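A quick note: this is a predicted structure, and the numbers were derived from the prediction, not measured.
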Amino acid sequence: MKTLVVTRTGSLEIRETAIPKYNECQALVKMVCCGICNGTDAKLIHHTFKGFGEDAYPLMLGHEAVGQVVETGGRVSSYKKGDYVLLPFVSEVPDDAELKSGWGGFSEYGVIDDAAAYPEGEAPECAYAQSVLPKSVDPVDASMIITLREVLSSIKRFGMSQKESVAVFGCGPVGLTFIQFMKLLGIGPVIAFDVVDDKVKEALAKGADYAFDSTQTDVGARVREICPEGVCYVLDAVGILPIINQGMELIKDGGKICCYGISPHLSMELDWRKAPYNWQLQFQQFPSKAEEGECTDTVLNWIAEGKVNLRDFISDYFPFENVLEAFEKLERREIKKKGIVVFR
């Protein structure tokens with residue numbers, strides 16, 4: 001099969017390698033598509049993803065895949081041939097000791113685990129976020145569900161509740177998802193900030209109660225006009241560490257600064273002179289797959305009810321043969337929302 005690989009020098013290439021093997025508790029999946037992640041994939045390319053040292057390269061990219069089951073192991077009962085499934089991976093490459101896995105979603109084949117097939121307590125955690133897609137959902141657009149579940153599980157992990165105020169920094173695909181889901185959950189008021197005028201407008205369209213260009217306004221004054229005591233939460237949806245210090249003067253006593261994703265810089269100097277006496281800082285760098293899986297039904301129900309439209313979050317589709325071009329566009333910031341690579 002063909003797979004997208006990032007080398008030790010950070011260059012991308014398509015390689016041929018063996019189709020992954022599967023055991024009696026797994027199914028072999030032919031990939032349908034894989035979403036491009038500006039967080040994980042881009043950081044792996046630039047060698048700035050926490051936990052992946054130089055010895056992790058070369059590695060296969062992609063963690064937002066959707067595929068179709070083509071073969072099943074003897075103990076598999078949750079999947080059958082022809083099912084479209086979320087989150088297949090390539091965790092290891094037979095007969096290629098050099099090639100490592102960055103989850104391997106940009107590969108022509110992958111593997112999915114059946115949690116029900118394993119003895120109790122022995123299923124890998126990823127199995128609890130792997131599931132069959134309903135026939136009503138387009139399998140290509142369904143790649144976006146993976147991001148949606150991650151966001152919803154993070155809202156729950158942060159502890160955000162109804163009628164609690166939030167200042168959101170960053171209105172890209174992730175930030176907009178947070179905003180829409182917060183409004184669906186009754187969280188608010190939601191005050192959004194970005195540096196691009198179109199994104200500010202889109203934040204309002206997604207349900208933000210207020211949205212501003214942070215380069216054209218006094219952020220602190222705006223927040224205090226709306227929430228005189230400060231907001232319950234500041235959400236960093238872009239991974240820019242200065243937002244943490246900026247957020248100190250925006251939160252109310254007992255408030256929390258929430259950071260989603262892994263920043264390319266893993267240390268900083270905290271300055272809490274402007275913070276209230278009591279405050280919290282929480283990082284959600286790697287969503288729990290079990291918690292992510294628990295959010296599947298809620299997201300699918302919102303889609304079925306028309307409250308969430310997957311295509312609202314997607315701007316570009318690329319055939320797999322153009323995957324290198326797709327990542328060049330990502331590097332040039334020419335993919336406005338989510339880009340999805342499609343296998344034919």
Of Phe320, Phe327, Phe318, which is the lone residue that meets ring pair (Phe, Tyr, Trp, His ring centres under 6.0 Å) with Phe106?
Phe327
Met248 vs Trp272 side-chain heavy atoms within contact, under 4.5 Å
yes
May I have the list of side-chain donor-acceptor pairs in residues 159-168 shorter than 3.5 Å, sequence neighbours left out?
unit_1	atom_1	unit_2	atom_2	d
Ser161	OG	Gly159	O	3.4
Glu164	OE1	Ser161	N	2.8
Glu164	OE1	Tyr233	OH	3.1
Ser165	OG	Cys232	N	3.0

Mind running salt bridge (charged side-chain N to carboxylate O under 4.0 Å, His left out) on Arg157 and Glu291 for me, showing each step along the way?
CA-CA 9 Å; Arg157 176 69 75 91; Glu291 292 176 5; 2.9 Å; yes
Qualifying residues under salt bridge (Lys or Arg N to Asp or Glu O under 4.0 Å), relative to Glu321, sequence neighbours excluded
Arg344
Where do Glu98 and Arg15 land on the salt bridge (charged side-chain N to carboxylate O under 4.0 Å, His left out) test, with the steps shown first?
CA-CA 12 Å; Glu98 181 193 42; Arg15 288 193 188 182; 3.5 Å; yes
Kindly compute the distance separating CD (Glu108) from CD1 (Ile19), expressed to the nearest 0.5 Å.
8.0 Å
Please list, chain by chain and in numerical order, all residues satisfying ring pair (Phe, Tyr, Trp, His ring centres under 6.0 Å) with Tyr84, sequence neighbours excluded.
none
pair Val299-Val308: side-chain heavy atoms closer than 4.5 Å:
no
For Arg273, check side chain to side chain donor-acceptor pair (under 3.5 Å) against everything at least two apart and list the hits.
Asp271
Just checking Glu125: does its CD atom have more than 12 heavy atoms from other residues, nucleotides or ligands closer to it than 6.0 angstrom?
yes
How many angstroms lie between CD1 in Ile226 and CD1 in Ile191, if you round to the nearest 0.5 Å?
4.0 Å
CZ (Arg332) with more than 12 external heavy atoms under 6.0 Å
yes
Suppose we screen for side-chain contact (heavy atoms from CB on, under 4.5 Å). Which residues come up paired with Ser136, at least two apart in sequence or across chains?
Pro134
Quick one: name the residues clustered hydrophobically with Val195, using the 4.5 Å side-chain heavy-atom rule over I, L, V, M, F, W, Y, and just say none if it's on its own.
Val196
Just jot down the ring pair (Phe, Tyr, Trp, His ring centres under 6.0 Å) partners of Phe193, sequence neighbours excluded, or say none.
Phe169, Phe212
Measuring from atom CD1 of Ile14 to atom CG of Leu324, what distance do you get when rounded to the nearest 0.5 angstrom?
4.5 Å
Do Tyr317 and Asp141 have side-chain heavy atoms sitting under 4.5 Å apart?
yes
Stepwise, does the salt bridge (charged side-chain N to carboxylate O under 4.0 Å, His left out) test hold for Lys100 with Asp55?
CA-CA 9 Å; Lys100 308 295 194 305; Asp55 60 348; over 6 Å; no
With sequence neighbours excluded, residues passing ring pair (Phe, Tyr, Trp, His ring centres under 6.0 Å) with Tyr118
none
List for me each residue that meets ring pair (Phe, Tyr, Trp, His ring centres under 6.0 Å) alongside Phe52, sequence neighbours excluded, and say none if there are none.
Phe49, Trp103
Any side-chain heavy atom of Thr17 within less than 4.5 Å of one from Val5?
no
Show the numbers, then the answer: is there a salt bridge (charged side-chain N to carboxylate O under 4.0 Å, His left out) between Lys199 and Glu202?
CA-CA 5 Å; Lys199 292 184 178 180; Glu202 191 153 9; over 6 Å; no
Donor-acceptor pair, Lys256 side chain versus Trp279 backbone, under 3.5 Å?
no
Let me have the donor-acceptor pairs involving side chains of residues 175-188, under 3.5 Å, with sequence neighbours excluded, atom names and distances please.
unit_1	atom_1	unit_2	atom_2	d
Thr177	OG1	Pro173	O	2.6
Gln180	NE2	Lys307	O	2.9
Lys183	NZ	Asp209	OD1	3.2
Lys183	NZ	Asp209	OD2	2.9

Among all residues two or more places apart in sequence or in another chain, which pass the side chain to side chain donor-acceptor pair (under 3.5 Å) test with Asp138?
none
Just grab all the side chain to side chain donor-acceptor pair (under 3.5 Å) pairs involving residues 293-302, residues at least two apart or on different chains.
Arg149-Thr296
Rounded to the nearest 0.5 Å, the CZ atom of Arg75 sits from the SG atom of Cys25 at a distance of 4.5 Å
